[in-house]
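The structure appears below as structure tokens.
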Amino acid sequence: MNQPTFRAPKGTFDLVPPRGEAVLAVRDAMAGPVRRAGYGYVETPSFEETGLFARGVGESTDIVTKEMYSFTTRGGDDVSLRPEGTAPVLRAALENGLHRGALPVKLWYGGSYYRYERPQKGRFRHFSQVGAEVLGTEDPAVDAELIVLAMDAYRALGLTEVRVLINSLGSSESRPAYRDALQQFLRGLDLDEDTASRVEINPLRVLDDKRPDVQKALADAPLVTDFLSDGDRAHHDRVRRLLTDAGVPYDDDPRLVRGLDYYTRTLFEFVHDGLGSQSAVGGGGRYDGLSELLGGPRLPSVGWALGAERTLLAMEAEGLPLPGTPGVDVYLVPLGDDAERHAFGLVTELRRAGVAADVATGGRGLKGAMKAADRSGARYAVVVGERDLADGVAQVKDLRSGEQEPVALGDVRSHLITATSS
RNA sequence: GUGGGUGUAGCUCAGUGGUAGAGCACCUGGUUGUGGUCCAGGAAGUCGCGGGUUCAAAUCCCGUCACUCACCCCA
């Protein structure tokens, strides 16, 4: 085997057909519901000032402490490839004054994200996601709306085994009391060094530990839900009520926390069991304080991000066919030099008329070209040989039935447009 | 960062010291102008890389790299 000199960097991957089209289709499907809901499209740079993430995502998070692709530019700026989308989108909204217009501002976006982690199934250093954010309202209806829209996207892809986990972390008023109670409880446990230090820095995230012994020790840990203020509880109940009204089932998970510091109140995660050890295909929550952290006005907001590749893995786990396979409807098979010229003109005409068409090239024999026609998935093969040209016709063959008929050269285009449009 | 597994043909893999294999895919022919089935043939591999043991290494030993799965954490 001749080994190529270069390979995709560790933890990255190439998307090649047919998976390339599949991921494209997944992203489209994930964007469909939010677009139909009137969300506007926003695009931000793939990298930002490192400080945006450090401050927005949280200095103590794993993402910021060890997972960012950070570098210094020639000009001396400290920048990082974006590890997530919410902070950049909020930054862009503030910078462009979107929050000065009508509220709420509803936005969606997509693109590549980067985290320097050890790769494993469903986890890469480069991945893509589609996100949506609703800025500038505390109304629990938008929390519920986002969850419903995400579930609609999964359903549109044929997924039936995506579950929603939901929790409330409480607002800035109710969270400190819980944090103290949890911290006190955790200090009483016998934990390894890393975890013990996490107890001091960000005790909520200890709840996220998946190690069985740790989970066992957490069995009697105090729950956020017991510390919610009346307002938080009302908000949370309203979100859950609206989900039920929309026919979206959910699982209450009082242990659900997420690794980003900016979340407040509503928190949710879309999980699937077909992804190996990873289970989240998407997730999000409310971040009422992030705008102020970034130097903006108070702008209570909520959003989510859905992972494209993980969603595709989930689809494969459910045995769903790859979406978005392209293929053509018509395949031209020219024989001889003159025929190749005619076929080139014809395939151009067909494509311009909106018919998906391809043509055999490289002067392969009839048999080989027919084989290529078969593999292309086309319904119709059009054989154009010297004899046909002399007769002023092309042979149009229905590859499904095997029937073939001569069609006058001048009529081939309209014949095929009609045939493929039915 | 830590631990396990795997590196042999384009793909999936068999091959435990003695001439490098299968299935699928690909190409050609059987059909001087017809695909999907079938038949025959063909092309394709420094057995990840380096070193060692041996008359002899894909196979045993050492090292190394890559991939992969898992932990922490997340899309």
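Keep in mind that what you see is a predicted model, and the values were worked out from it rather than measured.
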| message | Quiz question: going by heavy-atom distance under 3.5 Å, is there a donor-acceptor pair between the base of B:G35 and the side chain of A:Lys397? | response | yes
| request: Establish whether the base of B:U68 is bridged to the side chain of A:Gln120 by a donor-acceptor pair shorter than 3.5 Å. | output: no
| task | Would you classify A:Lys121 as touching base, sugar-phosphate or nothing, given that sugar-phosphate means primed atoms plus P, OP1 and OP2, and contacts are heavy atoms under 4.0 Å? | result | sugar-phosphate
| request: For A:Phe124, answer base if it contacts any base atom (sugar-phosphate contacts may also be present), sugar-phosphate if it contacts only those atoms, and nothing otherwise; contact means non-hydrogen atoms under 4.0 Å. | output: base
| ring pair (Phe, Tyr, Trp, His ring centres under 6.0 Å) partners for A:Tyr39, two or more places apart | none
| request: Classify the side chain of A:Asp374 versus the base of B:G35 as yes if they form a donor-acceptor pair under 3.5 Å and no if they do not. | output: yes
| query | Looking at B:A75, does its base get a donor-acceptor pair with the side chain of A:Glu117 below 3.5 Å? | reply | yes
| message | For a quick check, tell me whether the side chain of A:Lys66 and the base of B:C72 share a donor-acceptor pair closer than 3.5 Å. | response | yes
| remark: Among the nucleotides B:C27, B:U2, B:G33, whichever has the atom closest to the side chain of A:Leu335 is B:G33
| message | Please name the nucleotide paired to B:U32 by Watson-Crick or G-U wobble geometry with both distances under 3.5 Å, or report none. | response | none
| field | Centroid-centroid under 6.0 Å between A:Phe270 and A:Phe268 rings | value | yes
| message | Please determine whether any donor N or O and acceptor N or O are separated by less than 3.5 Å between the side chain of A:Arg115 and the base of B:C73. | response | no
| request: Among A:Phe13, A:Tyr116, A:Tyr114, find the residue that satisfies the ring-ring contact (aromatic ring centres under 6.0 Å, His included) test when tested with A:Phe124. | output: A:Phe13
| said: Applying a 4.0 Å non-hydrogen cut-off, can you work out what A:Val281 is touching in the nucleic acid: base, sugar-phosphate, or nothing? | reply: sugar-phosphate
